[in-house]
Amino acid sequence: MNHWLMKSEPDVFGIEHLKAAPNQTDHWDGVRNYQARNMMRDEMQIGDPVFFYHSNCAEPGIVGIMQVVKSGYVDHTAFDPDAQYYDPKSDPEKPRWYMVDVQYVRDLKRNITLKELKNHAETTLTDMPLVRKGNRLSIMPITEAQWHFILELE
DNA sequence: GCCAACGTTGGC
DNA sequence: GCCAACGTTGGC
């Protein structure tokens with residue numbers, strides 16, 4: 001089992017949206033980055049725990065936990081010309097983009113902010129892309145040690 | 001295959 | 001809203 005962190009802008013799709021979805025489950029569509037795509041397509045497995053991270057907002061940070069409930073499958077929104085993340089280069093015969101389904105598990109007791117996580121960038125979290133400058137990866141693996149360390153901060 | 005131009009991400 | 005960092009595109 002692997003642990004993960006996934007970023008989303010709360011104004012676009014935040015943890016409140018996931019909580020309000022049917023079955024508190026939704027598909028994580030719109031990822032248009034190959035590294036992130038590969039992780040969803042090849043590595044994320046049902047039952048994997050995932051941190052929900054709010055990006056591009058007043059207080060970026062980890063706000064909750066979800067779990068993978070469906071492993072990688074084709075992101076059909078790439079085929080829809082009216083969809084925001086339409087990609088004409090993704091051919092239904094040879095799909096380029098994939099997604100997973102995630103289900104809400106719980107809110108963290110508080111927002112564990114990026115600022116706070118960065119305090120540990122030179123020690124426990126040194127290998128965590130999130131706390132490194134210029135990182136734009138929207139899905140990243142988290143080691144079990146990092147996962148537990150972060151939860152200890154809660 | 002190089003690399004400049006361009007678009008996007010995301011913190012601040 | 002600014003802008004640094006980064007990924008992608010496309011000309012050559």
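The shown structure was predicted, so the numbers you read here are calculated from the model rather than taken from an experiment. Computed from heavy atoms alone, side chains included, the values below leave out hydrogens, waters and symmetry copies. Naming: A, B, ... by sequence-line order, numbering from 1 per chain.
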Just the rounded figure in Å: distance from [atom2] of [N] to [atom1] of [X].
| X | N | atom1 | atom2 | result |
| --- | --- | --- | --- | --- |
| A/Arg132 | B/dG11 | CZ | C1' | 17 Å |
| A/Gln84 | B/dG7 | CD | C1' | 15 Å |
| A/Asp11 | B/dG11 | CG | P | 13 Å |
| A/Glu116 | B/dG11 | CD | P | 15 Å |
| A/Lys7 | B/dT8 | NZ | P | 17 Å |
| A/Leu114 | B/dC12 | CG | C1' | 11 Å |

Hey, does the side chain of A/Asn33 reach the backbone of A/Ser138 with a donor-acceptor pair shorter than 3.5 angstrom?
->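 No, because the side chain of A/Asn33 does not come within donor-acceptor range (under 3.5 Å) of the backbone of A/Ser138.
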- Taking the side chain from A/His54 and the backbone from A/Ile15, do they hold a donor-acceptor pair closer than 3.5 Å? yes
Ranking A/Lys133 and A/Arg32 by the position along DNA chain C of their nearest nucleotide, the one closer to 5' is A/Lys133
ask   = Under 4.0 angstrom, heavy atoms only, what part of the nucleic acid is A/Lys115 near: base, sugar-phosphate, or nothing?
value = nothing
Between [options], which one does the side chain of [X] approach most closely?
| X | options | value |
| --- | --- | --- |
| A/Asn33 | B/dG11, B/dG10, C/dG7 | C/dG7 |
| A/Ser55 | B/dG10, C/dT9, C/dG7 | B/dG10 |
| A/Lys89 | C/dG10, B/dG10, C/dG7 | C/dG10 |

Please identify which of these residues, A/Val100, A/Val105, A/Val68, meets the side chain to side chain contact (heavy atoms under 4.5 Å, CB included) condition with A/Val50.
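Single pass found, and it is A/Val68.
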Answer yes or no: are there more than 12 heavy-atom neighbours, outside A/Glu154 itself, under 6.0 Å from its atom CD? yes
Report task. Using five base pairs at each end, measure the axis-to-axis angle across the helix from B/dG1-C/dC12 to B/dC12-C/dG1 and round it to 10 degrees. Result ->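 For the helix from B/dG1-C/dC12 to B/dC12-C/dG1, the axes at opposite ends meet at about 10°.
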Do the charged groups of A/Arg32 and A/Asp75 touch, with an N to O distance under 4.0 Å? yes
Before you tell me yes or no, could you show the steps for A/Phe79 and A/Trp97 under side chain to side chain contact (heavy atoms under 4.5 Å, CB included), namely the whole-Å CA-CA distance, both residues' side-chain angles and the distance that decides it to 0.1 Å?
CA-CA 10 Å; A/Phe79 309 138; A/Trp97 303 116; over 6 Å; no
